[in-house]
J.: 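The structure that follows is given in the form of structure tokens.
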Amino acid sequence: MTLQQMMAFGIVAIMVGAFIWGRWRYDVVAASALLAALACGIVRPENAFSGFSDDIVIIVASALVVSSAISRSGIMEVALQRFAPDISAPRTQLLVLVTIVTLLSAFVKNIGALAIMIPIAFQMAKRSGVTPSMFLMPMAFGSLLGGLMTQIGTSPNIIVSRLRGEITGTPFTMFDFTPVGAILALVGVIFLALFYWLLPTRVAAGGAMDAAIDIKNYMTEATVTAQSSSVGKTVADLRKLGGGGATVTAILSPSGQRRTPLPDTVLQADDVLLIEGDPDALDKLVAQGVLAMDERQSAVRASGDLGTVEAIVGQNSGFIGRSARTLALFHRSGLTLLAVSRRDKRFTERLSEIVFEMGDVLVLQGEIDRLPDLLRAWDCLPLAERKLRLGNVRKGIVPLIILGVAMASTASGLVPIAAAFFAAAVLMVVAKAIPTREVYGALDAPILLMLAALIPVSDALRTTGGTDLIAGWLSMVAHSLPSYGALALIMVVAMAVTPFLNNAATVLVMAPIAATFASQLGYRPDAFLMAIAIGAGCDFLTPIGHQCNTLVMGPGGYRFADYSRLGLPLSILVVLVAVPALMLVWPIQ
């Protein structure tokens, strides 16, 4: 072993140890490892920042934007309400989410399937009162398992199929992967549904602040228009749209008559509803019920980019003792009052007639560039920034169409996945499915920095000859093992190498080695090539080996060591099931 190889292995070992220890944040650890590799000379200065342009970083960044746009559209909330309205048990929710992601991943890129389902996971977590961390990592693992079932499910399968064609003259076909892949997917889904509790409960960064300022008694006002889907529906039907987190407190007919909102009261066109609840529930109820909040908002939208903010009425505020109507709030400042909250108070008057008091919390909407100055002018203190969607425009099905086109283009081989997802992210912004100001907030900078720093560090194992050294050791050990032992060894090594080479590189390095020593031992290469594909496609131990694992790290609030808690037993299970299944489906002698 050369000095450079020893330094490469040493830096990687120390880095992994620091990740597991968790004393320092993962992006700091990755950046420090890159600096150490530069100082030792195992990473050349001109290659040090190549990771920032790597496809994996582009794919993860683009997927974060796409997923945020889909979440903002509200289309997934509608789907959840329509197809799974009564699923509230966390384990059942987990089983449904993991199963759907697994099946989708067999036919579309697994990161695309995961991006579609992440918003639904957040909605289900909200409904059942658990943290999204319970769902997100099992979903990521399910997407990896689903990718094993077909040739197009994951990159390792495609590469292995091509290599088999070069070695034997006949590549694997679309569904050659299905018998073993389906068995592993079924076993994996059952395992994740039963042993999800191995994961610790985590909260994403920013989640704690949201909980600290969780206000549940906002009151808003909305109108049932003639085009609303709520016309002819009951109050109980409308309340279901908010997941039970919002309640209609009064109904005002066009003539001004006040009606009691009994559960079986039928809603009519032009009814004005007074609704109380938390912001998310109010948003769902208004958006899915197709209710109109304020006819003047269209004028604001035409004049500039809208922003929504929560603010507390200060001691010297000009709001105190006056209402939005007496202030002529919209005409004087362009601000639209969307909701009001006051501790231990249920409002019975209309929104525009509420007389403000010091300490009231208001949800105000206006031109984003003017909001800070307007809040200072009215002596209102903004709360910590939260993602409020109440009153925002929805693009409905547009984001889903954009993502669908992107995934179809990658599945057909017309466009590389990085280019397709980058184009999808740009189109989301162009179509205004996500405001420009929210794009960079959707990007998880620590995750992207970690990936970009790790790519040249991991590549140092290859450039210093470390991977060739591993291959030599592997060949020597494999000759002394029985056939099933050699097959298991190949799979385990592929699993272990994937976090540091990425799954495509692992296949390119390991598949020729596996085929060579299979030939030397007198075995057919098929099962060994399949073992490489399975091992490279099943990185359950780290957040860095596959972009699906990386994608859920930030939203789930996971730590590096969390992945092995659930991933290690799943990896062992995959090896125990895959080896006999491979030998049965692909005889090696």
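Residue indices begin at 1 and follow the sequence shown.
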J.: Hey, is the main chain of Pro200 close enough, under 3.5 Å, to the side chain of Asp562 for a donor-acceptor pair?
T.: no
J.: Specify the closest pair of heavy atoms between Ser53 and Ile58, including all atoms of both residues, with the distance to one decimal.
T.: O-CG1, 4.4 Å
J.: Using atom types as modelled and distance alone, determine if a side-chain donor or acceptor of Tyr563 lies under 3.5 Å from a backbone N or O of Asn549.
T.: yes
J.: What residues, two or more places apart in sequence or in another chain, satisfy side-chain contact (heavy atoms from CB on, under 4.5 Å) together with Leu568?
T.: Leu541, Ile572
J.: Are the side chain of Ser409 and the backbone N or O of Ala406 linked by a donor-acceptor pair below 3.5 Å?
T.: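 Yes, Ser409 side chain to Ala406 backbone: donor-acceptor pair under 3.5 Å.
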J.: Is there a donor-acceptor pair under 3.5 Å between the side chain of Ser161 and the backbone N or O of Phe172?
T.: yes
J.: Determine yes or no for a side-chain-to-main-chain donor-acceptor pair under 3.5 angstrom, with Thr220 supplying the side chain and Leu338 the backbone.
T.: yes
J.: If I compare all heavy atoms of Ser133 with all of Pro138, which pair ends up nearest, and what's the gap?
T.: O-CD, 4.4 Å
J.: Could you list the residues that satisfy ring-ring contact (aromatic ring centres under 6.0 Å, His included) with Phe191, not counting sequence neighbours?
T.: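 Once residues adjacent in sequence are excluded, the partners of Phe191 under the ring-ring contact (aromatic ring centres under 6.0 Å, His included) criterion are Phe195.
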J.: Run the salt bridge (charged side-chain N to carboxylate O under 4.0 Å, His left out) test against Asp27 and tell me which residues pass, sequence neighbours left out.
T.: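 With sequence neighbours excluded, Asp27 shows a salt bridge (charged side-chain N to carboxylate O under 4.0 Å, His left out) to Arg25, given in chain and number order.
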J.: Return yes when atom OH of Tyr196 has more than 12 non-hydrogen atoms of other residues, nucleotides or ligands closer than 6.0 Å, and no otherwise.
T.: yes
J.: Looking at every non-hydrogen atom in both residues, tell me the closest pair between Phe560 and Met553 and how far apart they are.
T.: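 Shortest heavy-atom separation between Phe560 and Met553 comes out as N-CE, 4.0 Å.
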J.: Do Thr102 and Val98 come close enough that some side-chain heavy atom pair is under 4.5 Å?
T.: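 A side-chain contact under 4.5 Å exists here.
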J.: For a 4.5 angstrom cut-off between non-hydrogen side-chain atoms, does Ile534 reach Phe177?
T.: no
J.: So which pairs with a foot in residues 420-430 pass side-chain hydrogen bond (donor to acceptor under 3.5 Å, both in side chains), sequence neighbours left out?
T.: none
J.: List for me each residue that meets ring-ring contact (aromatic ring centres under 6.0 Å, His included) alongside Phe141, sequence neighbours excluded, and say none if there are none.
T.: Phe540
J.: Nearest heavy-atom pair of Leu282 and Gly277: which atoms, and what distance?
T.: CD1-O, 3.6 Å
J.: Any side-chain heavy atom of Leu273 within less than 4.5 Å of one from Leu267?
T.: yes
J.: What pairs with Ser228 under side-chain contact (heavy atoms from CB on, under 4.5 Å), at least two apart in sequence or on another chain?
T.: Val224, Thr225, Ser230, Val231, Val290, Leu291
J.: If I compare all heavy atoms of Pro90 with all of Met134, which pair ends up nearest, and what's the gap?
T.: CB-CE, 3.4 Å
J.: Going through the checks in order, is the side chain to side chain contact (heavy atoms under 4.5 Å, CB included) test met by Ile402 and Met428?
T.: CA-CA 7 Å; Ile402 293 173; Met428 295 291 187; 4.0 Å; yes
J.: Look only at the side chain of Thr234 and the backbone of Thr265, and say whether a donor-acceptor pair between them is shorter than 3.5 Å.
T.: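 Flag not set: sc Thr234 to bb Thr265 has no pair under 3.5 Å.
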J.: Of all heavy-atom pairs between Ala140 and Leu114, which one has the smallest distance, and what is that distance?
T.: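 In terms of heavy atoms, the two residues are closest at N-CD1, 4.0 Å.
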